[in-house]
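Lettering follows sequence order; numbering is per chain, from 1.
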Number of protein chains: 2
Amino acid sequence: MANTSTLGRTTLLDRQDGRSQVVAPFDPSSEGVPPRGRGSGTLPGRDAPAGHLHGEVLTRLRDYIVEGELPAGARVPERLLCERLGISRTPLREALKVLAAEGLIDLLPNRGARVRRLDESELIELFDVMGGLEALAGRLACENLTDVDFDAIERLHHEMYGHYLRRDLHGYFACNQAIHQAIVTAARNATLSATYATFAGRVRRARYSANLDADRDRWGEAMREHEEILDALHRRAGAELSDILFRHLRNKYRSAARQTAERVQAKPVHDLT
Amino acid sequence: MANTSTLGRTTLLDRQDGRSQVVAPFDPSSEGVPPRGRGSGTLPGRDAPAGHLHGEVLTRLRDYIVEGELPAGARVPERLLCERLGISRTPLREALKVLAAEGLIDLLPNRGARVRRLDESELIELFDVMGGLEALAGRLACENLTDVDFDAIERLHHEMYGHYLRRDLHGYFACNQAIHQAIVTAARNATLSATYATFAGRVRRARYSANLDADRDRWGEAMREHEEILDALHRRAGAELSDILFRHLRNKYRSAARQTAERVQAKPVHDLT
DNA sequence: GCGCCCTAAAATGCATTCATTTTTCAGGCC
DNA sequence: GGCCTGAAAAATGAATGCATTTTAGGGCGC
């Protein structure tokens, strides 16, 4: 699917030390998009397809942050982004306000926006909230699950088990995520789904190395937990499933944290200010 | 504490039928605030104390919506609000974007903002999410609760019981809310607290008549549930408390819905489009 | 050399202005 | 009378401009 956006798509920053740096000097004629405003004639042809600049910018910035293109802790270069995206500051600033509300950036009064740094304590908090949301999803799913829903999840489960046996980490992850998402969807609560998606975005930024290959014990444990999940789901045991899911997330975090610790021990870094 | 705000404080709308209506013709010299901009000299003395217009406007609008001053379903009159608040459209629009992200208003492209209508199905969703968050809070509280924390909650509980015996609805509600808030606080998870606060705001709009006086059975049941809550908290039984809290919220909703239904039956309305 | 003060440049907050879209409503047609 | 048409009015989205604050340098004194 092609880029249907009005906005330019370029690398923004290169340095990770918090000092923003232009990758290449600004040249509107090369990378940017002709300004839409009053001066030049706004093209009438499918210009802003999805809708309005603000929403597009919002999506784009979210991606930049989640993908790490705007590094954590870095100041968000308002001016530069405007040039890169070929827009004025107004829609950008609107998007920044929303991102701040979502918890992705901090807005310092009169001192601009900074990409929120995800320290360990906040990551714990996020994982716990995710655990709480999944626990809720599990409970609601038990109330609303159709047999068709269950069959689909069961299929995913068995497929995932196959990946587990073959030690196919990639396939395993895909199925794993699909199962969790299916449970949330089966909860049939749009508010929950939206909230879950927001937090999933915030967690995804962490890019913790859930390298199950390096943690065979955890992989087996996770698989066993998923057996329990499927079983509880089958029995429509809401409270039980709720509990399993929360602990599942907790264990997932613990494994990730353990690995992070090991990596830090092996090669100490100063990233965790 | 007085109104430390820059912004005027006036009634905005009077009609509840979705058509916004000016209460009184606009007259900057009477109700409004002198424009801050370049034209008139911006007062140097403590003008915007808390901080920046955007944040203040945001808080103010949230209040307007939660308090019902901006009725559900009504269009948000951008121009009028600007005049009333004595600001330009820029900060207002920024605030609207954030409110939309919070789920309080809908933003229709090119067609302005409307206060989100809270229909029954969404109220169910919100209650369930609140239940899930409280369930999480209970679980975490059990992990982190100090004896001092517990004692404080126990005191609140007994105070609430006193109100219950005396059929003091007001005092009961106050204690009830304080207990639930204390549990969330005891979870010691700032992310959870913030999320909880957001949803609490959204639910508060509903102003469902949780008239326990008219539902004695529920009141007794609620009190019994709170006994269980306190007991589970005392035993630090996280999973159990989690379950109780979710069901507690469910029952609370059911009671509210039952009363709403009775009221509708008594006096049918067409508000629930 | 190091820190402080002062000035210039940049960034930020908000107001204002411009271009478009939507809405309103008067007039004409059926 | 009701309904469509279309132009004027209002509302919206975004750009630009101005005032203020913050930041970056540079000169000065210690």
Practice problem: Answer yes if the side chains of E134(A) and Y196(A) hold a donor-acceptor pair under 3.5 Å, and no otherwise. | Solution: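 There is such a pair between these side chains.
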Please report the distance, rounded to the nearest Å, between [atom1] in [X] and [atom2] in [N].
{"X": "R89(B)", "N": "dG13(D)", "atom1": "CZ", "atom2": "P", "answer": "8 Å"}
{"X": "E94(A)", "N": "dG13(D)", "atom1": "CD", "atom2": "C1'", "answer": "8 Å"}
{"X": "R114(A)", "N": "dT22(D)", "atom1": "CZ", "atom2": "C1'", "answer": "13 Å"}
{"X": "E56(B)", "N": "dG13(C)", "atom1": "CD", "atom2": "P", "answer": "14 Å"}
{"X": "L53(B)", "N": "dA19(D)", "atom1": "CG", "atom2": "P", "answer": "17 Å"}
{"X": "H54(A)", "N": "dT12(D)", "atom1": "NE2", "atom2": "C1'", "answer": "14 Å"}

Counting N and O atoms only, with roles assigned by atom type, does the side chain of [X] sit under 3.5 Å from a partner on the main chain of [Y], one being a donor and the other an acceptor?
{"X": "N144(A)", "Y": "A187(A)", "answer": "yes"}
{"X": "R116(A)", "Y": "L104(A)", "answer": "no"}
{"X": "E125(A)", "Y": "A190(B)", "answer": "yes"}
{"X": "E94(B)", "Y": "H54(B)", "answer": "no"}

Self-check item: Closest-nucleotide 5' rank along DNA chain D - winner of N110(A) and T90(B)
Solution: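 Checking each residue's closest nucleotide, the 5'-ward one belongs to T90(B).
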Give me, pair by pair, the N or O atoms of the protein and of nucleotides 9-11 of chain D that are less than 3.5 Å apart, along with how far apart they are.
unit_1: dA11(D); atom_1: OP2; unit_2: R79(B); atom_2: NH2; d: 3.3
unit_1: dA11(D); atom_1: O3'; unit_2: R75(B); atom_2: NH2; d: 3.3

Quiz item: Out of dA15(C), dC14(C), dT16(D), which nucleotide sits closest to the side chain of S88(A)?
Solution: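 Within the option list, the nearest is dT16(D).
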Quiz item: Measuring from I124(A):CD1 to N189(B):CG, what's the distance to the nearest 0.5 Å?
Solution: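 Interatomic distance, I124(A) CD1 to N189(B) CG, rounded to 0.5 Å: 9.5 Å.
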Quiz prompt | Residue whose closest nucleotide on DNA chain C lies nearer the 5' end, K97(A) versus P109(B) | solution =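 Looking at DNA chain C, the more 5' nearest nucleotide goes with K97(A).
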